[in-house]
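Working notes, structure below.
None of these values were measured; they are calculated from a predicted model. Counting begins at 1 with the first residue of the sequence.
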Amino acid sequence: FEESMMIHTLKMRQLEQNIPDAIKNREFVVYYQPKADISEEGNYRTNGAEALVRWVKDGEMISPGEFIPALEKSGLVSLIDYYVLEQVCVDINKWIEMGLKPVKVSSNFSRRHLHDVMFADKVEAIIKRYNVDSSLIEIEITESYEVEDMEALKKFEQRMHLLGVELSVDDFGSGFSSIRMIKNIVSDTIKLDKSIIDGIGNEGADDIIVSHIIQMLNKLGKNIIAEGVETKEQANFLRANGCNNIQGYLFARPCARDKFESYM
């Protein structure tokens with residue numbers, strides 16, 4: 001036992017207790033991290049964004065690394081996922097009113113939603129409530145290999161396609177079963193995890209592995225985006241190997257809505 005363990009436990013408990021009021025008081029805000037088309041060297045173009053939740057309490061930003069585990073432990077992460085999607089829909093309508101041409105925005109959902117038989121109905125209800133063009137919404141779900149998850153994911157994808165919403169699998173390559181998942185994958189877009197992007201561009205083993213993953217996914221007709229891209233060497237490697245979409249600090253950090261509007 002160390003005192004730091006007790007401090008951490010107490011902090012987590014306090015965060016958990018504050019979450020319901022934070023939701024009620026709308027302390028959670030949506031930031032956007034732009035995505036870029038890098039098909040033309042030296043000319044990166046905003047072609048989408050990922051919506052990310054942030055918690056602003058008493059004027060201070062609480063790190064996602066602190067409150068996301070608290071959300072997951074309390075089970076309230078499900079409420080936040082729908083909360084973010086609603087805000088995305090509100091913002092898209094605002095952008096249209098401002099005369100901006102919105103880009104597609106991906107909204108994250110925990111894979112625990114796949115076991116909710118009303119998941120697709122709830123997503124559809126939010127999009128229709130705000131009368132948002134469904135082609136501007138992408139649902140992003142964390143990579144999963146459980147058989148029951150895959151079956152539920154297939155059913156959810158079918159419903160989303162009927163609605164005109166695309167599906168993205170996040171964190172691809174972060175687990176141990178990625179190759180098994182490739183042949184069963186049902187999503188429109190695959191997001192390559194930062195953990196396999198970090199080492200590319202150095203002519204090492206990572207280059208060989210990632211280049212072949214991109215090649216396989218392209219042959220399967222999947223859209224590919226690499227996250228966590230931080231250097232020009234990584235971007236050049238991805239472009240040369242057939243991945244023209246990136247997300248990461250090289251292009252843009254997550255930012256508040258007004259700043260993201262300048263990217264559009």
Legend entry - Candidate pair W95 and Y263, rule ring pair (Phe, Tyr, Trp, His ring centres under 6.0 Å), full reasoning: CA-CA 12 Å; W95 295 331; Y263 279 93; over 10 Å; no

Legend entry - Residue pair I23 / I80, side-chain heavy-atom distance below 4.5 Å: yes

Inset, instruction - Answer yes if the side chains of N245 and N47 hold a donor-acceptor pair under 3.5 Å, and no otherwise. - result: yes

Legend entry - N43, CG atom: more than 12 neighbouring heavy atoms under 6.0 Å: yes

Inset, instruction - To the nearest 0.5 angstrom, please state how far the CD1 atom of I92 sits from the CG atom of L100. - result: 12.0 Å

Inset, instruction - Answer yes or no: is there a donor N or O on one side and an acceptor on the other, between the side chain of Q33 and the main chain of Q247, under 3.5 Å? - result: no

Inset, instruction - May I ask you to decide if V165's main-chain N or O and E138's side chain share a donor-acceptor pair within less than 3.5 Å? - result: no

Legend entry - Side chains of D188 and H161 in contact at under 4.5 Å (non-hydrogen atoms): yes

Inset, instruction - Flag the pair K155 and E151 as a salt bridge only when some basic side-chain nitrogen lies within less than 4.0 angstrom of an acidic carboxylate oxygen. - result: no

Legend entry - Distance flag, aromatic centroids of W55 and Y31, threshold under 6.0 Å: no

Inset, instruction - For E50 and N108, test the side chains for any donor-to-acceptor distance below 3.5 angstrom and give the result as yes or no. - result: yes

Legend entry - Reference residue L192; test side chain to side chain contact (heavy atoms under 4.5 Å, CB included); the match among I214, D170, I200, V229: I214

Inset, instruction - Output yes when a side-chain donor or acceptor of D207 lies under 3.5 Å from a complementary backbone atom of G201, and no otherwise. - result: yes

Inset, instruction - Without swapping roles, check the side chain of N93 against the backbone of Y130 for a donor-acceptor pair under 3.5 Å. - result: yes

Legend entry - E40/R239 salt bridge by N-O under 4.0 Å criterion: no

Legend entry - Contacts of type ring pair (Phe, Tyr, Trp, His ring centres under 6.0 Å), residue F237, not counting sequence neighbours: none

Legend entry - Validation row: T46, F251 side chains within 4.5 angstrom (heavy atoms): yes

Legend entry - Flag, side chain of N202 to backbone of G199, donor-acceptor distance under 3.5 Å: yes

Legend entry - S195 backbone acceptor or donor facing D193 side chain under 3.5 Å: yes

Legend entry - All salt bridge (charged side-chain N to carboxylate O under 4.0 Å, His left out) counterparts of E157, not counting sequence neighbours: none

Inset, instruction - Specify whether F119 and F156 have parallel, tilted or perpendicular ring planes, treating 30° as the upper limit for parallel and 60° as the lower limit for perpendicular. - result: parallel

Legend entry - H212 side-chain N/O to I208 backbone N/O, donor-acceptor pair under 3.5 Å: yes

Legend entry - Whether Q234 side chain and E230 backbone form a donor-acceptor pair below 3.5 Å: yes

Inset, instruction - For the pair K35 and E227, find out whether any cationic side-chain nitrogen is under 4.0 Å from an anionic carboxylate oxygen. - result: no

